[in-house]
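All residue numbers in this chain count up from 1 along the given sequence. The figures that follow rest on heavy atoms only: side chains count, while hydrogens, waters and symmetry mates do not.
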Amino acid sequence: MRIGLGAPVSGAWATPETLAGFAARAEELGYDSLWTFQRLLVGVDDKLGPEYQSVLDPLLALTFAAAHTRRIRLGVALVNLPFISPVYLAKQAATLDVLSHGRLDLGLGVGWSPTEFAATGASRERRGARAEEYVRVLRTLWTEDPVSFDGEFYQVPPSHIAPRPVQVGGPPILLGGVVPAALRRAGRIAAGWMSRSAHDLDGIAEDIAVVRGASPEPSSVRVVVRGVIRLGERKGRLSGTYDDIRADTAWLAEQGVTELYYDLNWDRRIGNPTVPADDATALAMEIAEALAPARH
């Protein structure tokens, strides 16, 4: 199982200096990947945690990280597709793939925040069908020339779009979602599936079975887990001592998880705009050093 890290994108530690240094150090420590996430805005009446209150744009942050690394893969988990045109996202993703020499993994979701749907003018109707067509549009834009698309939700007039992504066929697309239909969709049309921060990891094997059961090539399906680390009292998977977390990491590999990344933004002592940046960064670096893949 490959091990990654969440990049510094949330809270006071999400500074240019920390993002550059943390990305480079993650690469030195042998981590396989670096991940960001999307939060456009938070309504004044939304009851969301501190990790959502101040968040860098996920693709811009990865582009910055790409300039300070050479090997580590760069993933976004995830971009909510209703909020952005597939043509615009195809251009952004292709550009990042070119600038990173083919290191991008593109995660997509269907969105859940009513505030963000209202602010972007996006439709909440038939999100599953829109997601399937969205993925087809992206792949068409990345592989055909000239390109055209005439679908139910999206249209692209006959056009040329360049440059192409470095990765053949475009960056691997990973889909989020928790209901059975979303799990099956990830297995059927994407390179894999990724879990959310609040996912019940005790049942991950059953979720993986649904995803892979829908895939024409189940052995090749990627399963990416966002690992929310909670040092201290043992309260569920990936909590407790470092030894507890290492044991859970090994257990997740046994369940069929192919990639796990420790997202330190969900620690309220780190991904929190009210915590001093130096304190948050010091704790994040300590955790990253302790859980480095070479030490498993």
Side-chain angles (χ1 to χ4, degrees), residues 1-14 18 22 25-26 29-37 39 47-53 55 75 77-78 107 112 176-179 183 193-211 222-296:
M1 183 174 66
R2 296 184 174 184
I3 305 293
L5 281 174
V9 293
S10 172
W13 80 311
T18 302
F22 193 81
R25 185 59 180 150
L29 289 170
Y31 284 97
D32 292 290
S33 54
L34 196 67
W35 295 82
T36 60
F37 68 96
R39 183 88 286 125
K47 306 301 182 184
L48 299 180
E51 64 275 5
Y52 289 129
Q53 303 302 318
V55 183
L78 41 72
W112 53 265
V178 294
V179 300
L183 299 176
W193 170 72
M194 55 189 158
S195 70
R196 60 177 183 161
S197 59
H199 200 82
D200 180 6
L201 296 178
D202 284 333
I204 195 75
E206 289 80 8
D207 297 322
I208 294 171
V210 174
V211 175
R222 294 168 60 184
V223 176
V224 181
V225 165
R226 168 183 272 134
V228 176
I229 304 298
R230 294 184 173 89
L231 285 173
E233 186 179 354
R234 178 70 171 170
K235 291 184 177 180
R237 298 290 174 184
L238 300 175
S239 69
T241 66
Y242 284 126
D243 284 342
D244 291 329
I245 293 168
R246 293 186 189 100
D248 285 339
T249 296
W251 179 85
L252 286 168
E254 293 169 357
Q255 307 311 300
V257 174
T258 62
E259 298 159 61
L260 165 69
Y261 69 98
Y262 303 125
D263 199 338
L264 309 183
N265 292 287
W266 261 254
D267 188 316
R268 297 196 171 193
R269 299 165 297 173
I270 299 175
N272 188 332
T274 67
V275 172
D278 288 347
D279 293 348
T281 302
L283 177 58
M285 286 290 190
E286 174 190 314
I287 297 172
E289 296 271 352
L291 294 176
R295 299 185 182 182
H296 278 263

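Not counting sequence neighbours, the partners of Trp13 by the side chain to side chain donor-acceptor pair (under 3.5 Å) test are Asn265. Listed by chain and number, the residues in a salt bridge (Lys or Arg N to Asp or Glu O under 4.0 Å) with Glu233 are Lys235 (sequence neighbours excluded). The ring pair (Phe, Tyr, Trp, His ring centres under 6.0 Å) search around Tyr31 returns none, not counting sequence neighbours. Residues passing the salt bridge (Lys or Arg N to Asp or Glu O under 4.0 Å) test with Arg269, sequence neighbours excluded: Asp267. With sequence neighbours excluded, no residue forms a salt bridge (Lys or Arg N to Asp or Glu O under 4.0 Å) with Glu51.
A donor-acceptor pair under 3.5 Å is formed between the side chain of Asp244 and the backbone N or O of Thr241. Side-chain N or O atoms of Glu289 include none that pairs as donor or acceptor with a backbone N or O of Leu29 at under 3.5 Å. Of the possible donor and acceptor atoms, none in the side chain of Ser10 sits under 3.5 Å from a partner among the backbone N and O of Val55. With Arg234 contributing its side chain and Gly236 its backbone, the two residues share a donor-acceptor pair below 3.5 Å. Listed for the Thr18 side chain is no donor-acceptor partner under 3.5 Å among the backbone atoms of Ala14. Listed for the Asp263 side chain is no donor-acceptor partner under 3.5 Å among the backbone atoms of Val228.
Gly227 approaches Leu238 most closely through the heavy-atom pair CA-CD1, 3.5 Å. The shortest heavy-atom contact between Glu259 and Met1 is N-CG, 3.8 Å. The nearest pair of heavy atoms linking Gly6 to Phe22 is O-CE2, 3.5 Å. Here the closest non-hydrogen pair linking Leu78 and Gly176 is CD2-CA, 4.0 Å. Of all heavy-atom pairs spanning Gln53 and Pro273, the tightest one is CB-CG, 4.0 Å. Scanning all heavy atoms of the two residues, the minimum distance from Ala12 to Ala277 falls at O-CB, 3.3 Å.
Leu291 contributes atom CG, which lies 6.0 Å from atom CZ of Arg246 (distance to the nearest 0.5 angstrom). Atoms CZ and CE, from Phe37 and Met194 in turn, are 13.0 Å apart once rounded to the nearest 0.5 Å. How far CD1 of Ile270 is from CG of Leu264: 5.0 Å, rounded to the nearest 0.5 Å. Between the CD1 atom of Ile245 and the OH atom of Tyr262 there is a distance of 7.5 Å, given to the nearest 0.5 Å. Taken to the nearest 0.5 Å, the CG atom of Leu231 stands 9.0 Å off from the OG atom of Ser239. Note that OG1 of Thr249 is 5.5 Å distant from CD1 of Ile3, once rounded to the nearest 0.5 Å.
A donor atom on one side chain and an acceptor atom on the other are not found under 3.5 Å apart for Asp278 and Thr281.
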Show the numbers, then the answer: is there a side chain to side chain contact (heavy atoms under 4.5 Å, CB included) between Val210 and Trp193?
-> CA-CA 11 Å; Val210 174; Trp193 170 72; over 6 Å; no
Are Tyr261 and Leu34 close enough, and set up right, to give a side chain to side chain contact (heavy atoms under 4.5 Å, CB included), and what steps lead you there?
-> CA-CA 8 Å; Tyr261 69 98; Leu34 196 67; over 6 Å; no
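More than 12 heavy atoms of other residues, nucleotides or ligands shown are found within 6.0 angstrom of CZ on Arg222.
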Only distances under 3.5 Å count here; give the side-chain donor-acceptor pairs of residues 198-209 to other protein atoms, sequence neighbours excluded, each with its distance to 0.1 Å.
| residue | atom | partner | partner atom | Å |
| --- | --- | --- | --- | --- |
| His199 | NE2 | Asp207 | OD2 | 2.6 |
| Asp200 | OD1 | Asp202 | N | 3.1 |
| Asp202 | OD1 | Arg237 | NE | 2.9 |

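By the 6.0 Å and 45° rule, Arg226 stacks over the aromatic ring of Trp266.
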